[in-house]
Amino acid sequence: MTDRQPSQSDELLTAYQRAAEIGGRAPSVHNTQPWRWLATRTGLQLRADRSRQLRAADSEGRLLTISCGAALHHARLALHAGGWVPQVKRMPDVRSADALAEITVSGHGTATAQQRRLFDEIDVRHTDRRPTVERKVPHDALELIRQAAADEGASLHWLAEPDLDDLAVAAARANEIGLADAEQRAEMDYWIGGTRPARTGVPSDAVPQTAPQTDVPGRDFGRPGTLDTGHGHARSAVYGLLFTSGDQPGDWLRAGEALSACWLKATDLGVAVLPLSSVVEVPATREILRRMLAGAGYPMLVLRFGLADPDQAPVPGTPRLPAERTTWPGQIPQP
Ligand SMILES: Cc1cc2nc3c(=O)[nH]c(=O)nc-3n(C[C@H](O)[C@H](O)[C@H](O)COP(=O)(O)O)c2cc1C
């Protein structure tokens with residue numbers, strides 16, 4: 001029997017498959033995991049999986065594409081950590097809005113210290129919907145988080161008074177509008193505690209038991225979960241508006257890559273993150289956010305940053321689909 005040495009193309013296939021698997025650990029709206037990967041010996045393709053799009057709340061696919069961008073950034077980090085230098089072609093096929101990225105590698109390379117650190121945070125990062133502690137995130141940490149987003153082509157605008165008051169009103173209004181709309185309500189009921197596919201959606205133990213005390217309300221899931229929110233008040237949290245210079249699918253993808261980068265950086269610095277996306281879903285409240293940017297760009301997501309209470313138990317991890325549900329074994333099926 002001869003021992004066949006793995007060829008470079010075998011090694012590459014394994015690296016692309018691993019990148020797709022790590023990409024699947026990314027955050028996504030309602031944990032829909034709306035991505036599909038095709039790993040071959042010549043590259044890794046990322047496509048949108050519209051079967052897991054929030055058709056009512058996210059009809060344009062902005063939040064779906066932001067989620068896929070976060071997965072793309074995770075996959076890139078996995079390749080760096082594996083000793084490869086990834087190259088990415090974003091929106092590679094003008095005829096297909098679902099083709100989001102093609103990743104290849106240009107050769108071997110050593111990951112930078114920053115890439116290594118962000119990679120190491122992938123399995124630590126999570127969404128924390130509990131109030132943050134009453135101590136400000138240090139300014140230096142906020143600057144590093146802002147820089148991590150900027151490195152990926154998106155900007156974080158820190159919100160101060162009077163915009164913070166407007167955000168609080170807009171977030172409450174967006175929650176009301178979402179819950180009053182029958183289709184959006186049904187969609188949320190499906191993904192949060194409903195008959196969603198196994199290992200998707202937001203599990204009950206990640207949904208607050210009672211409304212957390214805060215000036216700016218987080219998403220109202222319309223049902224209580226089992227997450228103990230404690231007695232704190234999130235009044236020391238800092239809110240950042242993630243925005244891009246354009247509002248096209250390519251910009252949404254970049255915003256997702258920046259979301260992943262700044263969230264992993266925050267995790268590395270011990271800063272808890274909570275995205276607030278209902279204010280972006282509702283056109284009227286998205287317009288309020290756009291005015292806060294005074295022409296500088298288009299709102300993608302509001303992010304709450306704060307110090308987590310060290311005495312609280314860790315939030316249980318949310319499940320992810322097995323790789324066979326998010327990858328194609330062979331050719332991408334033609335529509
Ligand atoms: C684009 C996007 C929008 C999100 N919007 C919200 C939101 O409005 N409220 C919320 O509580 N979580 C939000 N999340 C967090 C997801 O629910 C979370 O990432 C997912 O359930 C997986 O959990 P994990 O982040 O703990 O891994 C959002 C995440 C993404 C990527």
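All ligand and atom numbering here is 1-based and tracks the order in the structure.
- Atoms of ligand 1 lying under 4.0 Å from at least one heavy atom of Ser28, given by number and element, are 16 (C), 17 (O), 18 (C), 19 (O), 20 (C), 29 (C), 30 (C), 31 (C).
- Residue Val315 places every heavy atom at 4.0 Å or more from ligand 1.
- For atom 3 (C) of ligand 1, the nearest non-hydrogen atom of the protein is Ser277 OG, 3.5 Å.
- Considering only non-hydrogen protein atoms, atom 23 (O) of ligand 1 sits nearest to Thr318 OG1, 3.0 Å.
- Put simply, CD1 on Ile66 and CG on Leu242 are 7.0 Å apart, with the number rounded to the nearest 0.5 Å.
- Within the 4.5 Å cutoff, the side chain of Met300 has heavy atoms near those of the Asp247 side chain.
- Ligand 1 places these atoms under 4.0 Å from at least one heavy atom of Arg219: 7 (C), 8 (O), 9 (N).
- Set against the non-hydrogen atoms of Pro27, the atoms of ligand 1 under 4.0 Å away are 19 (O), 25 (O), 31 (C).
- Glu281 has a carboxylate O that lies under 4.0 Å from a charged side-chain N of Arg219, or vice versa, which qualifies the two as a salt bridge.
- What sits closest to atom 7 (C) of ligand 1 on the protein, heavy atoms only, is Pro275 O, 3.2 Å.
- Asn31 CB, 3.5 Å is the protein heavy atom nearest to atom 21 (O) of ligand 1.
- When each of Leu12, Asp10, Thr14 is checked for a side chain to side chain contact (heavy atoms under 4.5 Å, CB included) with Arg41, only Asp10 meets the rule.
- Between Thr285 atom OG1 and Asn175 atom CG the span is 9.5 Å, to the nearest 0.5 Å.
- The contact set between ligand 1 and Leu276, taken as ligand atoms under 4.0 Å from a residue heavy atom, comprises 8 (O).
- For atom 12 (N) of ligand 1, the nearest non-hydrogen atom of the protein is Arg129 NH2, 3.3 Å.
- Within the structure, ligand 1 has Arg320 among the residues with a heavy atom less than 4.0 angstrom away.
- When only modelled atom types and interatomic distance are considered, Ser106 and Gln87 share a side-chain donor-acceptor pair under 3.5 Å.
- Set against the non-hydrogen atoms of Arg125, the atoms of ligand 1 under 4.0 Å away are 24 (P), 25 (O), 27 (O).
- Protein heavy atom closest to atom 18 (C) of ligand 1, with residue, atom name and distance, is Thr127 OG1, 3.3 Å.
- Defined by atom type and a distance below 3.5 Å, a donor-acceptor pair is missing between the side-chain atoms of Arg199 and Asn31.
- Taking every heavy atom of Leu259 and a limit of under 4.0 angstrom, the matching atoms of ligand 1 come to 31 (C).
- How far CD of Gln45 is from OG1 of Thr104: 11.0 Å, rounded to the nearest 0.5 Å.
- Proximity of a side-chain donor or acceptor of Gln33 to a complementary backbone N or O of Arg320 within less than 3.5 Å is not detected.
- The residue Trp252 has no part lying near ligand 1, judged by heavy-atom distances below 4.0 Å.
- The six-membered or imidazole ring of Trp158 lies near that of Phe305, with a centre-to-centre distance under 6.0 Å.
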